[in-house]
Amino acid sequence: MFAMDPVHLPLLFPPPLMARLKKAADLDPSLVVRDFADPASAAALSEAEVLITGWGCPHLDADALAVAPGLRAVLHAAGSVRSLVGEALWQRGITVSSAVTGNALPVAEYTLAMILLAGKDAFTHRERFRTTHAYPTHAETAATGNVGRRIGVIGASRVGRRLLELLRPFDFTVLLHDPYVSPAEAAELGAELLPLEDLLRHSDIVSLHAPDIPETYRMLDGARLALMRDGGVLINTSRGALVDPEALTDELVSGRLHAVLDVTEPEPLPAGSPLYHLPNVFLTPHIAGSLGNELERLGRIVVEELERLVAGLPPAHEVRHADLVRVA
């Protein structure tokens with residue numbers, strides 16, 4: 001059965017993919033659950049062996065699992081399962097699979113695009129051009145360009161690793177901070193491993209790709225943001241909670257830093273936030289992840305996982321409890 005916001009269902013599983021699902025399993029596409037406490041949903045859940053989840057799925061806590069004695073697999077047609085599954089699910093030994101690898105691709109692509117645009121100082125030039133209608137002077141472009149830029153990547157998550165791959169063809173120096181990565185592994189990924197404070201000091205552009213866990217809450221506080229060089233750029237496509245919002249706002253209002261923010265805290269920002277209007281802030285409404293025609297890729301991963309389960313094969317995209325410190 002499906003458990004998600006039904007608006008996503010036809011984009012995740014267009015007719016060819018839905019046909020493959022129906023061939024692999026007995027399912028009712030008209031039943032898309034959003035509340036496990038609903039009597040009809042609970043009755044259906046009591047017979048379910050596989051739950052296909054997505055954005056809008058309620059939390060799979062002990063109460064939900066209590067009415068699903070036959071549940072043996074959760075296939076998530078979205079990104080991280082961190083907010084979806086609880087301890088009760090892991091204790092039951094239920095298989096969990098996620099399309100997070102598919103969702104990582106557009107996030108990494110968005111980030112690469114923003115790094116290249118930031119290196120060209122495109123956002124500043126756009127703002128200036130809108131008011132002056134004049135081409136920039138040599139003095140105004142003296143610091144513009146992507147040759148030799150130092151790119152700091154915080155977190156060798158799935159998104160972070162995909163971004164590191166995408167950065168390889170460019171003339172960048174890539175720095176990495178991740179407590180779970182060794183210097184040798186970082187070198188294999190094409191980066192130099194540094195402590196967080198050193199990465200912030202030495203990077204022209206810093207991109208956040210760490211998971212949202214208690215250890216990373218406000219990891220970029222006022223003191224660490226102050227380490228970034230004047231004119232440095234912060235890109236956040238991970239979670240707003242990783243950055244102290246007041247400290248970041250102060251830095252951006254002062255004009256010392258620039259930012260590309262696809263996520264914020266709170267999300268969305270209140271109507272009166274200055275970040276909506278600052279010329280040194282490029283703000284987007286959480287669009288880096290899969291949208292539109294990119295959703296079918298997530299559905300295809302889930303269909304392939306279900307077909308593997310039916311064939312008695314292990315899932316190709318299994319998520320284990322220990323993985324959740326790095327799945328982002």
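Along the sequence shown, residues are numbered consecutively beginning with 1.
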- Heavy-atom side-chain contact between His258 and Phe123 under 4.5 Å: no

By side-chain hydrogen bond (donor to acceptor under 3.5 Å, both in side chains), Thr249 pairs with (sequence neighbours left out) none

Between Val100 and Ser80 the two heavy atoms that sit nearest each other are CG2-N, 4.1 Å

The salt bridge (Lys or Arg N to Asp or Glu O under 4.0 Å) partners of Arg201 (sequence neighbours excluded) come to Asp198

Sorted by chain and residue number, the side-chain hydrogen bond (donor to acceptor under 3.5 Å, both in side chains) partners of Glu294 (sequence neighbours excluded) come out as none

Practice problem: Could you tell me whether the side chain of Phe170 reaches within less than 4.5 Å of the side chain of Ile115, counting heavy atoms only? | Solution: no

Side-chain heavy atoms nearer than 4.5 Å, only ILVMFWY residues, links allowed to pass through others: does that put Leu163 and Leu199 together? no

Counting distance only, does the side-chain N/O of Asn103 pair as donor-acceptor with the main-chain N or O of Pro106 below 3.5 Å?
no

Residue pairs meeting salt bridge (charged side-chain N to carboxylate O under 4.0 Å, His left out), one or both in residues 126-141, sequence neighbours left out, come to Glu127-Arg130, Arg128-Glu140

Note: Leu75 and Leu309 closest approach over all heavy atoms is CD2-CD1, 4.0 Å

- Please report the C-alpha distance between Asn146 and Leu116 in whole Å, then the side-chain angles of each, then the deciding distance to 0.1 Å, and finally whether the side chain to side chain contact (heavy atoms under 4.5 Å, CB included) criterion is met. CA-CA 7 Å; Asn146 280 306; Leu116 294 173; 4.0 Å; yes

If you group Ile, Leu, Val, Met, Phe, Trp and Tyr by side-chain heavy-atom gaps below 4.5 Å, do Val303 and Val32 land in one group? yes

*Could you tell me whether the side chain of Ser182 and the main chain of Glu185 form a donor-acceptor pair under 3.5 Å?*
yes

Assigning hydrophobic clusters by single linkage (Ile, Leu, Val, Met, Phe, Trp, Tyr; side-chain heavy-atom cutoff under 4.5 Å), is Val253 placed with Leu269? yes

- [ ] Please tell me if the side chains of Val153 and Leu189 come closer than 4.5 Å, counting only heavy atoms from C-beta onward.
- [x] no

Item checked: Sidechain-backbone polar pair: His177 side chain, Leu194 backbone, donor-acceptor under 3.5 Å -> yes

Minimal heavy-atom distance between Glu305 and Ser97, with the atoms involved, is OE2-OG, 2.6 Å

Here the salt bridge (charged side-chain N to carboxylate O under 4.0 Å, His left out) pairs for residues 99-124, sequence neighbours left out, are none

Is there a donor in the side chain of Thr144 and an acceptor in the side chain of His125, or the other way round, less than 3.5 Å apart?
-> yes

**Asked** Would you say the side-chain atoms of Ser238 pair up with the backbone N or O of Ala210, donor to acceptor, closer than 3.5 Å?
**Response** yes

Q) Donor-acceptor pair, Asn280 side chain versus Leu257 backbone, under 3.5 Å? A) yes

Sorted by chain and residue number, the salt bridge (Lys or Arg N to Asp or Glu O under 4.0 Å) partners of Asp5 (sequence neighbours excluded) come out as Arg34

Taking every heavy atom of Ala134 against every heavy atom of Phe129, the minimum-distance pair comes out as O-CD1, 3.4 Å

Report yes or no: do Leu252 and Leu208 belong to one cluster of Ile/Leu/Val/Met/Phe/Trp/Tyr joined by side chain heavy-atom distances under 4.5 Å? yes

Electrostatic pair Arg150-Glu192, nearest N-O below 4.0 angstrom: no

Output a table of donor-acceptor pairs, distance under 3.5 Å, between side-chain atoms of residues 50-59 and any protein atom two or more places apart or on a different chain; print 'none' if there are none.
from, atom 1, to, atom 2, distance (Å)
Thr53, OG1, His76, ND1, 2.7
His59, ND1, Ser83, O, 3.2
His59, ND1, Leu84, O, 3.0

Note, Leu21 side chain near Phe2 side chain (heavy atom, < 4.5 Å): yes

Only distances under 3.5 Å count here; give the side-chain donor-acceptor pairs of residues 22-31 to other protein atoms, sequence neighbours excluded, each with its distance to 0.1 Å.
from, atom 1, to, atom 2, distance (Å)
Asp28, OD1, Ser30, N, 3.0
Asp28, OD1, Ser30, OG, 2.5
Asp28, OD2, Ser30, OG, 3.1

Smallest heavy-atom separation, Ser98 atom then Ala78 atom, equals OG-O, 3.5 Å

Under 3.5 Å donor-acceptor, Arg149 side chain and Gly119 backbone
yes

Nearest heavy-atom approach of Val74 to Leu71 is CG2-CD2, 4.2 Å

* Asked: Honestly curious: do Ile301 and Met18 fall in one hydrophobic cluster under the side-chain, below-4.5 Å linking rule?
  -> no

Review point. Can you check whether Thr141 reaches Tyr135 side chain to side chain, under 4.5 Å on heavy atoms?
Key: no

Applied to residues 44-59, the salt bridge (charged side-chain N to carboxylate O under 4.0 Å, His left out) test, sequence neighbours excluded, yields Glu49-Arg72

* To do: Could you tell me whether a side-chain N or O of Thr284 sits under 3.5 Å from a main-chain N or O of His286, the two making a donor and an acceptor?
  => no

Those residues at least two apart in sequence (or on a different chain) that pass salt bridge (Lys or Arg N to Asp or Glu O under 4.0 Å) with Arg20 are Glu307

| said: Side chains of Arg168 and Leu164, heavy atoms from C-beta outward: is any pair under 4.5 Å? | reply: no

Less than 4.5 Å apart, side chain to side chain, heavy atoms only: is that true for Leu242 and Val263? no

The single option from Leu89, Val81, Ile94, Val96 that satisfies side-chain contact (heavy atoms from CB on, under 4.5 Å) with Leu60 is Leu89

- request: Please step through side chain to side chain contact (heavy atoms under 4.5 Å, CB included) for the pair Leu220 and Met228, ending with a clear verdict.
  value: CA-CA 10 Å; Leu220 294 189; Met228 293 182 64; 5.7 Å; no

| For Ala288, does its backbone N or O pair with a side-chain atom of Asp262 as donor and acceptor, under 3.5 Å? | yes

The salt bridge (Lys or Arg N to Asp or Glu O under 4.0 Å) partners of Arg229 (sequence neighbours excluded) come to Asp204

With sequence neighbours left out, the residues meeting side-chain hydrogen bond (donor to acceptor under 3.5 Å, both in side chains) with Glu265 are Arg218

Is any side-chain heavy atom of Glu251 closer than 4.5 Å to one of Asp244? no

